[in-house]
There are 2 protein chains.
Amino acid sequence: MAGKNLAGPQADALDLGAVFRALADEHRRSVMMQLAADRGDNERGCNSFDLPISKQTQTHHFRVLREAGLIDEIDYGNRKGVRLRRTDVEKKFPGLLALLEAQATGGAASC
Amino acid sequence: MAGKNLAGPQADALDLGAVFRALADEHRRSVMMQLAADRGDNERGCNSFDLPISKQTQTHHFRVLREAGLIDEIDYGNRKGVRLRRTDVEKKFPGLLALLEAQATGGAASC
DNA sequence: CTTCAGGTACGATTCAAGTCGTACCTGAAG
DNA sequence: CTTCAGGTACGACTTGAATCGTACCTGAAG
């Protein structure tokens, strides 16, 4: 029952281009903003993001995020978990998650 | 001889989606990394970036950067200047330029 | 076993984006 | 004036990405 962790790039192999390409999409950015805003880094279900797209497309988007090194996907067979790679992302691109979190909380132009 | 400043979005209207889309392209990211690395924010010529693309395509890329609110373009008629909107970008997306600068200096995985 | 929900694989479609060719404009230098 | 380099406008081409339809797989619950 222990899920297999699907492969993503190594922590030091994260590419800024791939990351920006991943975050260029509105749906993927929405996912990342929600993940960045949760400081507990809890594993979440794929359908907990309320994306207004079909499940095939969701599969595609989560794959892109994983291949960009932003998230881990845990495969349980008939279910899937998502977890933010906060440590790796923060080490390679410090401040990026704070940017996303700021957008998530709507605190962009404030103060 | 005084150049006209081509119109871009207001400082508080900068959109993170447009910014990420702009930075998703390798050439535009190269330009932004060079601009971010220059703390003097000097105005630069369009051909000072050594982009391996035709001049029509360069026009396109600089337009995208301007419409994303990342740079100002100063039109001199038969010449054009480029200047980073550091203050506006830093206010709306703090840390973003530092990210680009870190990539420019190759100091990503160091320390 | 069957059923069912969640997820994937593959292909097709549609659309946006990067690129360049041709033609034209602009200002400076002969 | 003419010439020339830098830049733009428009259109065409091409590639990549987002989306979904169909079919199939996986594990849990009856």
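A, B, ... follow the sequence lines: proteins, then strands. Residue 1 opens every chain.
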Report the distance from atom [atom1] of [X] to atom [atom2] of [N], rounded to the nearest whole Å.
X	N	atom1	atom2	answer
Glu67(B)	dT8(D)	CD	P	12 Å
Asn78(A)	dG27(D)	CG	C1'	4 Å
Arg44(B)	dG6(D)	CZ	C1'	17 Å
Asp25(A)	dA16(C)	CG	P	14 Å
Leu51(B)	dG18(C)	CG	P	13 Å
Glu26(A)	dA16(C)	CD	C1'	15 Å
Phe20(B)	dA17(C)	CZ	C1'	19 Å
Asp75(B)	dC25(C)	CG	P	16 Å

Problem set entry | Residues from residues 52-65 of chain A lying under 4.0 Å of DNA chain D - heavy atoms |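 By residue number: Ile53(A), Ser54(A), Gln56(A), Thr57(A), His60(A), His61(A).
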Exercise. Is any side-chain nitrogen or oxygen of Lys80(B) closer than 4.0 Å to OP1 or OP2 of dT26(C)?
Worked result: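 Lys80(B) to dT26(C) OP1/OP2: no side-chain N or O under 4.0 Å.
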Exercise. Can you tell which of Arg83(B), Arg79(B), Arg85(B) makes a salt bridge (Lys or Arg N to Asp or Glu O under 4.0 Å) with Glu43(B)?
Worked result: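 Exactly one candidate clears the test, Arg83(B).
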From [X] [atom1] over to [Y] [atom2], what is the distance, rounded to the nearest 0.5 angstrom?
X	Y	atom1	atom2	value
Leu51(A)	Phe62(A)	CG	CZ	5.5 Å
Asp41(A)	Asp72(A)	CG	CG	11.0 Å
Leu14(B)	Lys92(B)	CG	NZ	5.5 Å

For [N], which nucleotide in any strand shown is its Watson-Crick or wobble partner with both distances under 3.5 Å?
N	result
dG30(D)	dC1(C)
dA18(D)	dT13(C)
dC10(D)	dG21(C)

Exercise. How do Arg28(A) and Leu6(B) order along DNA chain D: which one's closest nucleotide is nearer the 5' end?
Worked result: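 The answer here is Leu6(B).
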For this session: Give a yes or no on whether the backbone of Gly95(B) and the side-chain of Glu90(B) come within a donor-acceptor separation of less than 3.5 Å.
Result: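 Yes, because the side chain of Glu90(B) sits within donor-acceptor range (under 3.5 Å) of the backbone of Gly95(B).
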For this session: For Glu73(B) and Asn5(B), indicate whether the former's side chain and the latter's backbone hold a donor-acceptor pair under 3.5 Å.
Result: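 A pair under 3.5 Å: no.
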N/O donor to acceptor pairs below 3.5 angstrom from side-chain atoms of residues 27-36 of chain B, sequence neighbours left out:
from     : atom 1 : to       : atom 2 : distance (Å)
Arg28(B) : NE     : Ala22(B) : O      : 2.7
Arg28(B) : NH1    : His61(B) : ND1    : 3.0
Arg28(B) : NH2    : Arg21(B) : O      : 3.3
Arg29(B) : NH1    : Leu23(B) : O      : 3.0
Arg29(B) : NH1    : Ala24(B) : O      : 3.3
Ser30(B) : OG     : Gln34(B) : NE2    : 3.4
Gln34(B) : OE1    : Arg44(B) : NH2    : 3.4

Problem set entry | Nearest listed nucleotide, side chain of Glu73(A), among dT8(C), dG27(D), dT8(D) |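 From the listed options, dT8(C) comes nearest.
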